[in-house]
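Worksheet: one structure, shown below.
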There are 2 protein chains.
Amino acid sequence: MNVGPQETFRALADPTRRSILMLLSSQDLSIREVAAKFEVTRGAIKKHLSILEDGKLISVHTSGRERINHLEPNTLRAVSDWLGYFDKYWDERLVGLKQAIEKDKI
Amino acid sequence: MNVGPQETFRALADPTRRSILMLLSSQDLSIREVAAKFEVTRGAIKKHLSILEDGKLISVHTSGRERINHLEPNTLRAVSDWLGYFDKYWDERLVGLKQAIEKDKI
DNA sequence: TTGACATGATACCTTTTGGTATTATATAAA
DNA sequence: TTTATATAATACCAAAAGGTATCATGTCAA
């Protein structure tokens, strides 16, 4: 059970899991389909997906014999909120630059 | 050596290390001063500080026999940038609305 | 100088993590 | 109904993580 940001931070600590999130950002995928993109076994991928689910970074629904993994991007907001605590300490020159860039994007 | 965001994500995965970052946001502290705030031994805190340094989340300078730990908040920008990749997927209600609008060519 | 103090560096221990291999079960397809 | 497929579940392994205890070294202070 996820009772806070700990499981989310923990889930993000592994590079394979971060790659899986990138993969799932473009489309939902079954365990088999995710595993096909990596060198490790399906069992290892299954464990990674379970950890991502614990961290509420993905959700799962079954479709027949398949288990479809779906990105839950809103959970990353918890991480963003945590980072927000430090916003005020960021280099003000860089903050200014970022704001200028964002202003030009619009 | 830190060659990417991996060491930073790894450093953030531990709750004690995240607490240390919070502590250091208000003031620079020696190892002894940081250790005084936690239940674990100074040795354990020293290891955490080394991992935070590997992740470039803190910097260190020696002052006499003390080792002063200083927050490097700009490194959190790497994490923020990574999160930025998923910005466009946030709040699926808005994504759905956007797609509906585009479909109707409004 | 001498003693206390702050840290560095190890050695060691236990638990967690990331991984494989194997077996079992449920579903799809011929 | 058989057979192949997709996943679940488990046992097991090596390495990493988090922790303690201990000793060495450098620095401050009386």
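Everything numeric in this text was worked out from a predicted model, so none of it was measured. Only this structure's heavy atoms are used, side chains among them; waters, hydrogens and symmetry mates stay out. Numbered from 1 within each chain, the chains take letters A, B, ... in sequence-line order.
- Put simply, CD1 on B:I31 and CZ on B:R42 are 6.5 Å apart, with the number rounded to the nearest 0.5 Å.
- Without hydrogens or angle criteria, B:S30 side chain to B:E66 main chain gives no donor-acceptor distance under 3.5 Å.
- At least one side-chain nitrogen or oxygen of A:R17 sits closer than 4.0 Å to the OP1 or OP2 atom of C:dG18.
- Nearer to the 5' terminus of DNA chain C, by closest-nucleotide assignment, is the contact made by B:N69 (compared with the other of A:T16 and B:N69).
- Computed from coordinates, the A:R65 CZ to C:dT27 P distance equals 11 Å when rounded to whole Å.
- With B:R17 contributing its side chain and B:H48 its backbone, the two residues share no donor-acceptor pair below 3.5 Å.
- Rounding to whole angstrom units, CZ of residue A:R32 and C1' of D:dA6 are separated by 8 Å.
- Atom-to-atom, CG of B:L49 to P of C:dA9 comes out at 14 Å; the value is rounded to the nearest Å.
- Going from atom CD1 of A:I45 over to atom C1' of D:dA6 covers 15 Å, rounded to whole Å.
- OP1 or OP2 of C:dT17 sits under 4.0 Å from a side-chain N or O of A:R10.
- In this model, no side-chain donor or acceptor of A:R67 finds a partner on the base of D:dT7 within 3.5 Å.
- OP1 or OP2 of D:dT20 lies within a sub-4.0 Å distance of a side-chain N or O belonging to B:T41.
- The side chain of B:D14 has D:dG18 as its nearest neighbour among C:dG8, C:dT7, D:dG18.
- If you take CD1 of A:I31 and P of D:dT5, they are 17 Å apart, rounded to a whole angstrom.
- No donor-acceptor pair under 3.5 Å is formed between the side chain of A:K56 and the backbone N or O of A:E53.
- B:K47 comes within contact range of at least one nucleobase, with a heavy-atom separation under 4.0 Å.
- Within the 4.0 Å cut-off from OP1 or OP2 of D:dA17, not a single side-chain nitrogen or oxygen of B:H48 is found.
- Between the C1' atom of C:dG8 and the CZ atom of B:R42 lies a distance of 8 Å, rounded to the nearest Å.
- We find the CG-CZ distance between B:L71 and A:F86 to be 6.0 Å, quoted to the nearest 0.5 Å.
- The residue A:S30 sits close only to the backbone: its heavy atoms come under 4.0 Å of sugar-phosphate atoms, none of a base.
- Atom CD of B:Q6 and atom C1' of D:dA16 are 13 Å apart (whole Å).
- Atom CD of B:E66 and atom P of D:dA29 are 10 Å apart (whole Å).
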